[in-house]
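Everything on this sheet refers to the single structure shown next.
Proteins get letters first, then strands, A, B, ... in listed order; numbering begins at 1 in each.
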Amino acid sequence: MTTTAPSATTAPAEKAAPAARPRSTRRGARRRELGAASVLMTPFFALLVTVFLIPVGTAVWLSFFSQDEPGLGFGPEHTVFVGLRSYAAVLTDPTFLGGLGTVALYCLIYIPLMVIGSLGLALLLDSGVVRLRSWAQLALFLPHAVPGIIAALIWLYLYTPGLSPIIELFAKGDITIDFLGVHTVLPAIVNISLWSNLGYNMVVFYAALQAVPREVIEASVVDGAGPVRSALQVKTPLVRPSIVMVAIFTLIWALQLFTEPKLLSLATPMISQRYSPSMYIYDAAFTRNNYGMAAAASVVLLVVTIALSYGVTRWTNRADSPEENAR
Amino acid sequence: MPGRQSRRSVLAAVAALPLTGVLNACSDGAERSSSTSSTSKSRTTTITFWSALRGSKEVVDEFNKTHDRIKVVYQQIPSGDQGGYAKLSNAARAGNAPDVATIEYPQVPTFAIDGVARDITSLVSDGLRAKLLPQALGLTTFDKRVFAVPLDVEPMVMHYRTDLFEKYGLQLPRTWEEFEETAKKVRSKGGGRKLALFPTDGASSMAAFAWQAGGQWFDTSSGAWNVSMSDTPSRRAAAYWQRLYDQGLVFMNPLNTKQGDAQITNGQFLVRLTGAWEAGAQMRAQPGQKGKWKIAPLPQWDPAHPALGTQGGSTFAITKDCRHPEAAMEFIEWQVSSPDSLRARLTSGASSQYPAVPALVAPGRAAFDRSYYSGQDIYTLFDEEAHKIRDGWVWGPRMSATNSVLQDGFARVSAGQGSLTDALRAAQQGTMPDLKALGLSVSEHSK
């Protein structure tokens, strides 16, 4: 649905040309530079237009039009402009609002767990406590190489009563666990997401920690900071930009929750076909054949995603500035 | 050993889901193009026909054997909720829907509104119209226009285990009151057995209960879609089943699952409240229980004024992409009204449909193999029951979605959250935005 365009590619487009050259060659160089820039950036813009702008435009268009028949709906169809009707329908649909609520709860559980968990692991690896560091890294990263649908399948197997060796094991200890029950199903989904993405974000944090100047850490050690204190009070503030980035990417990814609940819905009636906004959109388009509604819900989800990402960025920037002022 | 097998088959089935969709899509294209080319060569008209109904292959073979001008190409598709309806919608969107499609009653309005099923009012001959049970044709007629021809109409009946009824010394309940008393006896004697199951995946069962009680979930008589899923009769039916469940008199879990199959195999419940078609499905699914089942009328609220709803049943529609509507209608008319067609379907050994053309009951009675039901004349029973079907029921414009929300509510009830009446209310609330977004005139009523 939403794709995050890598904005970094636009950065190196302009560079100051050497000033001492005669005018004509300077103009030529500039033209050549522009030419190179446009050649290099064409693929990006072509992709941006075809996989982002056109689909978004189509969705917006679809959300404002509908194939209507008056009255009971059995007459011939006409495509008409319906204004905000589809939006009104989506926003008054308790099943859609319920889906938004579910995803909000999912974000509240998942994002802190993910950020704290992956940062903690990265700090552990960085501190040198862990032996066989590269093996640990590989083992933690490996689940990310498993495609989401396969991951969900694996966990579906582990969650399904009668199939799962885990449930069998618990049953031997006289503990009955229903991973797919009405209260356990959301944690079960959080668990799949964590398993899939923890290693990836850990690598991001680990790379950021590698860039922390060693002398700063050495200085803190000289000042008497233990490994825990230097991890929490020296290293963590220094990788703050990475934390914000991971939080935003995780948020965007989490808002589009689809694969895991869609697959688990095969095994448990506790996941409805409109469990998350993305599942609602899928259901609206492909089982209800209500494309206007699906488009409106997609636009609502896109707007919510953009607003939340913007909000997180603004909030962290504001939180940043007093600190910088104090320095 | 069986555990191992089932584990593998579940995973294989799950893994194969997306694949089969792709393969089907590919084979469709190939088949269509070949069928059209053969049309132009010979002078026979080729009609493509999609169905998930048991015995369709036998019926089509019989048709092709006895007809020269029209050749029917049959393709078996998954049943509606298993992807058959999505396949049909997508094909229609792509402009290559089959000439004739099988649509269950609840989905007829959906496909009519979407323009997939074409208006066939002028194609239905007076002869055919006269042959059909009026209640059945009423379910496929909207705004005085016919959108599909009913094949079978399925009054809800009570399939029961004769051996267990005998074992516990039970009488057949004729009213819902007696049904509750019987359920209490079963609970006290049955050693874990219960009288019945309320299927959490059975929105169509709840609809039949509401229909029988006098509910009217949808109504079009005022020129708008009036939705009232929690009207008094529906609430009465819902409260009744809620009470049974609260007292531990019935199971409440999904039926079309391994769990449900196991419950039937192990005789966990004594009765099944489903349409007449179930007899055929039962014969195929549980050959080992031959002689243990019989069929009785569904209990009534008021035996002096018997009423029934239907559960299941299918219709045939001609799609918008059909280029030979007359030929398609000839095939449909033959299929729903010819004794040869019914006989062919029944010889498949997996069907017990009650035809929507009452004149076919006699051939059906003769052709149906009664041995599974210890010689019981089930067709005569179906015939008596079919006439109790309450006229005037209307299915909604997005019934699959409505049912799905309803079943979400049922699942919550089985997990201890809310009640069946709440589920009905939630289903209505989850349906209204859909209908509004489609641009239909709607109103709501819940008395």
Side-chain angles (χ1 to χ4, degrees), chain A residues 63 66-78 80 82 85-96 98 149-150 152-154 156-157 160-164 168 178 181-183 263 266-275 283-284 286-294 296-297, chain B residues 3 6-7 10-11 13-15 17-18 81 85-86 89-90 92-93 109-116 119 142-143 145 147 200-201 220 223-225 253-254 257-259 397-398 400-401 404-405 407-412 414-417 426 429-430 432-441:
Chain A
S63 69
S66 169
Q67 302 219 309
D68 266 21
E69 312 107 271
L72 294 176
F74 295 106
E77 295 185 335
H78 307 282
V80 289
V82 296
R85 191 182 75 194
S86 299
Y87 290 93
V90 165
L91 292 173
T92 55
D93 191 339
T95 56
F96 181 74
I149 192 145
I150 306 294
L153 268 176
I154 294 170
L156 178 64
Y157 161 68
T160 307
L163 302 181
S164 164
E168 217 172 281
D178 181 8
V182 65
H183 296 298
L263 213 63
L266 294 175
T268 171
M270 292 309 147
I271 297 181
S272 72
Q273 288 310 309
R274 310 183 190 178
Y275 187 76
D283 184 65
F286 299 113
T287 65
R288 289 180 268 163
N289 293 326
N290 208 332
Y291 293 90
M293 208 175 185
Chain B
S6 65
R7 180 180 308 179
V10 164
L11 287 177
V14 169
L17 271 178
D81 293 336
Y85 291 136
S89 302
N90 293 340
R93 245 180 119 69
T110 305
F111 286 105
I113 286 173
D114 289 353
V116 176
D119 181 351
F142 297 89
D143 228 3
R145 280 174 277 183
F147 287 94
T200 53
D201 53 357
T220 54
W225 286 96
N253 56 260
T257 55
K258 283 210 155 62
Q259 184 189 7
R398 281 292 180 268
S400 293
S404 154
V405 181
Q407 288 169 182
D408 295 340
F410 292 166
R412 280 195 297 274
S414 72
Q417 289 191 337
Q429 284 163 8
M432 297 313 294
D434 233 354
L435 308 193
K436 286 177 190 159
L438 285 172
L440 305 172
S441 314

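Looking at B:Phe410, neither its backbone nor its side chain comes within 4.5 Å of chain A, counting heavy atoms on both sides. For a residue to count as touching a neighbouring chain, one of its non-hydrogen atoms must lie under 4.5 Å from one of that chain's; by this rule B:Ala401 touches chain A with backbone and side chain alike. If you measure heavy-atom distances from B:Ser404 to chain A, the contacts under 4.5 Å come from the side chain alone. Looking at A:Ser66, only its side chain comes within 4.5 Å of chain B, counting heavy atoms on both sides. Proximity to chain B is absent for every atom of A:Val82, based on heavy atoms less than 4.5 angstrom apart. Residue A:Gln273 touches chain B through both its backbone and its side chain, counting heavy-atom pairs closer than 4.5 Å. In this structure, the portion of B:Gln417 lying under 4.5 Å from any heavy atom of chain A is its side chain and not its backbone.
Among residues two or more places apart in sequence or in another chain, the salt bridge (charged side-chain N to carboxylate O under 4.0 Å, His left out) test is passed with A:Arg85 by A:Asp68. For A:Ala296, the side-chain contact (heavy atoms from CB on, under 4.5 Å) partners at least two apart in sequence or on another chain are A:Ser63, A:Ser86, A:Tyr87, A:Val90.
Ring geometry for A:Phe286 against A:Tyr291 counts as perpendicular: the plane angle is over 60°, on a 0 to 90° scale with 30° as the lower cut.
Side-chain atoms of A:Ser164 do not come within 3.5 Å of backbone N or O of A:Pro161 as any donor-acceptor pair.
Under the 4.5 Å side-chain criterion, counting only non-hydrogen atoms from C-beta, B:Asn253 is not in contact with B:Ser414. The side-chain heavy atoms of A:Met293 and B:Pro433, taken from C-beta on, include a pair separated by under 4.5 Å.
If you tally non-hydrogen atom pairs under 4.5 Å between each of B:Asp143, B:Thr220, B:Leu438, B:Asp201 and chain A, the highest count goes to B:Leu438. Of the listed residues (A:Arg274, A:Met270, A:Gln67, A:His183), the one with the most heavy-atom contacts under 4.5 Å to chain B is A:Arg274.
We find that B:Asp434 and A:Arg288 are joined by a salt bridge, their nearest charged nitrogen and carboxylate oxygen being less than 4.0 Å apart.
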